[in-house]
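Working notes for the structure below.
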Amino acid sequence: MKYDFPVTKTTNPKAKPDPDTLRFGVDFTDHMFIMDYEEGKGWHDGRIVPYAPLSLDPAAVVFHYAQEMFEGLKAYKTKEGKVQLFRPDMNAKRTNRTNDRLCIPQIDETLYVEAIKALVHVDADWIPEKEGTSLYIRPFIIADEPFLGVRRSNHYKFIIILSPVGPYYVGGLTPTKIYVEDKYVRATDGGTGEAKCGGNYAASLKAQEEAHAKGYEQILWLDGVERKYVEEIGTSNAFFVIDNEVITAPLDGTILPGITRDSVIALLKKEGIQITERRLSIDEVAQAYKDGKFQEMFASGTAAVISPVGELCYKGEKMIINNGQIGAIAQKLYDTLYGIQTGAVVDTMGWTVEVK
Ligand SMILES: *Cc1c(COP(=O)(O)O)cnc(C)c1O
């Protein structure tokens, strides 16, 4: 395939990191994609250039009012050597929904996916091949007009960078310990909870640090109005299995519409497992635990795919889920999803997109 973007190759290729010690988001490839937006002119000059620091005016809107958004997806190399992406059209659609909420101009979704493919194609030899590794793709948009008034920026940059990453879990899926956050909130109705933007993350750091200090890896967010209904786990979507029903919060404005979440729901429906998108109170979860009906809990997201939860702590009460072991539903979902992403399981859903 021939892409339309001009490519300036680096004259100074970097050494590739050791595939055995890859971490998340610390190494970056040799190239990046950049495209500019100017009011009246639209998005223009999409190009692939050597990976390098940006030069921005200190007055750029993004530094002051956080007008920015980001996405995340992965490229895998299959055993046969094919390079494939997982549902990149969904990232393009979600980008435009986030953009709408943050007054960032819309991007042509075909062009968006082509830009990802073109860059992955240029840096394809950076995709690690060891079991569990992948190439993480980070598209993002920043408002870079130098202006201190509060209004939408008239200039933006759309950038894509790539990072070879290691397995999220070393030595198999390990259940995590989760703290139910009842002081801070992530999102509330009418806010930016369903937008993938940096501001949401800046606002979540304090809760995460406090949970870490108590010995928990992540937090379970409750709704912002009553601190009653379960919403998300850190930066991933939350699933509960109670009395053989799989339950996840509905997309009512405060939940990030995860692509992994959507895929999990589709796979469960296909398997004939009962999956319900509904409000679930933390009291209902605690009651189910007392009744011996709280069977499984897991998080879904691009980074870990499926992350089982082994312990949930709410107001000092600890719930040990499935004896702290990964449950059968979480394991099956992980095997299927990860299998489809890496080409080990036949993709009957039409989710994978080849880069060639
Ligand atoms: C990105 C993200 C998710 C997961 O979305 P995926 O598309 O599955 O990676 C969930 N919650 C939040 C807050 C996120 O930012």
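First listed ligand is number 1; within each ligand, the first listed atom is number 1.
The backbone N or O of L251 sits nowhere less than 3.5 Å from a side-chain atom of E194 that would complete a donor-acceptor pair. S300 contributes no side-chain N or O that, together with a main-chain N or O of S307, makes up a donor-acceptor pair within less than 3.5 Å.
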**OP:** Under the side chain to side chain donor-acceptor pair (under 3.5 Å) rule, what do E317 and Y289 come out as? Steps first, then yes or no, please.
**Re:** CA-CA 11 Å; E317 298 279 338; Y289 182 72; over 6 Å; no
Test N244 against Q295 for side chain to side chain donor-acceptor pair (under 3.5 Å), laying out the working first.
CA-CA 8 Å; N244 299 321; Q295 296 153 301; 2.9 Å; yes
(message) T352 vs D347, test: side chain to side chain donor-acceptor pair (under 3.5 Å). Steps then yes/no.
(response) CA-CA 7 Å; T352 52; D347 174 17; 2.8 Å; yes
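No more than 12 heavy atoms of other residues, nucleotides or ligands sit less than 6.0 Å from atom NZ of K9.
Residue-to-ligand polar distances place T302 within reach of ligand 1: an N/O pair is separated by less than 3.5 Å. In terms of polar-atom proximity, defined here as any N/O pair under 3.5 Å, R261 makes no such contact with ligand 1. At a 3.5 angstrom cut-off on N or O pairs, N237 does not count as close to ligand 1. Polar contact check, I259 against ligand 1: a nitrogen or oxygen pair lies under 3.5 Å apart.
Of the heavy atoms in L256, only side-chain atoms (C-beta onward) come closer than 4.0 Å to ligand 1. By the criterion of a heavy-atom distance under 4.0 Å, neither the backbone nor the side chain of M90 is placed next to ligand 1.
With respect to the salt-bridge test (charged N to carboxylate O, under 4.0 angstrom), the residues D125 and K16 qualify.
With respect to atom 3 (C) of ligand 1, the closest heavy atom belonging to the protein is T235 O, 3.4 Å. Taking atom 2 (C) of ligand 1 as the reference point, the nearest protein heavy-atom neighbour is K196 NZ, 2.5 Å. The protein non-hydrogen atom at the shortest distance from atom 15 (O) of ligand 1 is Y201 OH, 2.4 Å. From the protein, the heavy atom lying nearest to atom 8 (O) of ligand 1 is T260 OG1, 2.6 Å.
Listed by number with element, the atoms of ligand 1 under 4.0 angstrom from any heavy atom of E232 are 10 (C), 11 (N), 12 (C), 13 (C). Each of the atoms 5 (O), 6 (P), 7 (O), 8 (O) of ligand 1 lies under 4.0 Å from some heavy atom of G258. Using a 4.0 Å cut-off to heavy atoms of S236, the atoms of ligand 1 that qualify are 10 (C), 11 (N). Annotation for ligand 1: atoms under 4.0 Å from non-hydrogen atoms of R94 are 5 (O), 6 (P), 7 (O). Of all atoms in ligand 1, numbered sequentially from 1 with element shown, those under 4.0 Å from a heavy atom of R186 are 13 (C).
For the pair K214 and Y179, the distance from NZ or CZ to the six-membered ring centre is under 6.0 Å and the angle to the ring normal is within 45 degrees.
Judged purely by distance below 3.5 Å, without hydrogens or angles, the side chains of D283 and Q287 never pair a donor atom with an acceptor atom.
Contact between T188 and T254 at its shortest, heavy atoms only, is C-CG2, 3.4 Å.
The closest approach between E71 and ligand 1 stays at or above 4.0 Å for every heavy atom of the residue.
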